[in-house]
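Below is one structure, written out as structure tokens, with a few remarks after it.
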Amino acid sequence: MPTPLSPPNFSGVNQGELMDALRNCELGKGDEILAQFESDFGTLVESKNVVALSSATSGLHLALLALGVSEGNIVMCPTFTFAASAFPIIYQKAIPYFIDSETETWNMSPQYLEEAILKLKSNGQRAKAVIIVHSYGNPAKLDELLAICKENEIPVIEDAANALGSTYRNKQVGTFGTIGVFSFNRNKIISGAGGGCLVTNNKNIADRVRYLAHQAKSNTPYYHHENIGFNYGLSPILAEIIRLQLPSLTDRIKERTALRNQYQEIYKDIAIFQTQCPNTVSNNWLNAALFDSDVHRSEIEALSQLLKVETRRVWNPMHLQPIFDSEQYFGNKESESFFEKAICLPFSNLLVHNTLAVNEQK
Ligand SMILES: *Cc1c(COP(=O)(O)O)cnc(C)c1O
């Protein structure tokens, strides 16, 4: 097995605390553990409401539901993203409009977004939501994107799944839109080996999401359901594993940033990296390097195979996927050139420290 691209790092979690979480769960305190996680996470990202969920994908699905996205509605989504940003649009039988990237941050292009919105407008239509992704942790051009959405009165969902700790004007990304989602999947910077959450400053949305995530049970002394619900809640055990890692976020970002600086120095003549705009900080979750030729990229891939360290090609844009290739697309193939020449370089605590991170102490 090669060393994974970005494996989970459980430093900060020790056996005693893990056993306490199990015991407290036995004692029926699962909801208290979840509430503590939500409170700590809300403090960290400065959001009024946090709902712990099983994944960022379930968060995106509930975000669309909370905004009333249903059959036939149009939702704008970057084409350069992981498919999980787009799948929930289909769960709702809505229609994705795929927007290509600008070539600085590699995130949703304000120009193409505006083009798509104006095209709809000319037909008397309006998108029901815009999903903004901060790819590989690098903040998107929020000022421009949010201004367009505001002008056209379209709510924003931020897929900040991999961008915990990334900031825009000193504010955590994911807290700018009406709703933001984060992931604690196995490869994320903070990981429960699974898990996610949704943040919003709108209490009504938070209440709605919490209700739908827990099987839409009404607040009655008997089982009563007025809506179709989902089992999208987070396990309290995972919540505690995630919560215990939150204090180490700053150090983890420092490590990833140091490695990025090294990569940038080493590859400065043959690769370019995502531009980090002024007033933004990226958590440098993954370092995507766009090589000047496919030959250079192949060499890096061959070397990493030899050294048994995983690299991975960047996302293959959604508008090229067999499931989405008949959907509307706005752009000029920017993301296709990322896909043709870029890879994500490895980041692993195993590489940086050459040691397992799990604390051994009791
Ligand atoms: C990881 C990731 C997701 C999915 O997160 P899960 O918690 O695994 O559902 C969605 N969008 C982006 C951009 C991601 O990086």
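In each ligand, atom 1 is the first atom listed, and ligand 1 is the first ligand listed. In what follows, residues are counted from 1 in the order of the sequence shown.
In this structure, Lys171 is positioned above the aromatic face of Phe176, its NZ or CZ under 6.0 Å from the six-membered ring centre and within 45° of the axis.
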May I have every N or O pair linking ligand 1 to the protein at under 3.5 Å, one per line with atom names and distance?
{"residue": "ligand 1", "atom": "5 (O)", "partner": "Ser183", "partner atom": "OG", "Å": "3.3"}
{"residue": "ligand 1", "atom": "7 (O)", "partner": "Ala56", "partner atom": "N", "Å": "2.9"}
{"residue": "ligand 1", "atom": "7 (O)", "partner": "Ser183", "partner atom": "OG", "Å": "2.7"}
{"residue": "ligand 1", "atom": "8 (O)", "partner": "Asn185", "partner atom": "ND2", "Å": "2.7"}
{"residue": "ligand 1", "atom": "9 (O)", "partner": "Ala56", "partner atom": "N", "Å": "3.3"}
{"residue": "ligand 1", "atom": "9 (O)", "partner": "Thr57", "partner atom": "N", "Å": "2.9"}
{"residue": "ligand 1", "atom": "9 (O)", "partner": "Thr57", "partner atom": "OG1", "Å": "2.5"}
{"residue": "ligand 1", "atom": "11 (N)", "partner": "Asp159", "partner atom": "OD1", "Å": "3.3"}
{"residue": "ligand 1", "atom": "11 (N)", "partner": "Asp159", "partner atom": "OD2", "Å": "2.8"}
{"residue": "ligand 1", "atom": "15 (O)", "partner": "Asn162", "partner atom": "ND2", "Å": "2.9"}
{"residue": "ligand 1", "atom": "15 (O)", "partner": "Lys188", "partner atom": "NZ", "Å": "3.1"}

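Aromatic rings from Phe339 and Phe80 are positioned such that their centres are separated by 6.0 Å or more.
Among residues two or more places apart in sequence or in another chain, the ring-ring contact (aromatic ring centres under 6.0 Å, His included) test is passed with Tyr211 by none. Looking at residues two or more places apart in sequence or on another chain, you find a ring-ring contact (aromatic ring centres under 6.0 Å, His included) between Phe98 and Phe324.
Applying the salt bridge (Lys or Arg N to Asp or Glu O under 4.0 Å) test to residues at least two apart or on different chains, the pairs with a partner in residues 310-335 are Glu301-Arg313, Glu310-Arg312.
Between Asp40 and Arg243, at least one side-chain N (NZ, or NE/NH1/NH2) sits under 4.0 Å from a carboxylate O, which counts as a salt bridge.
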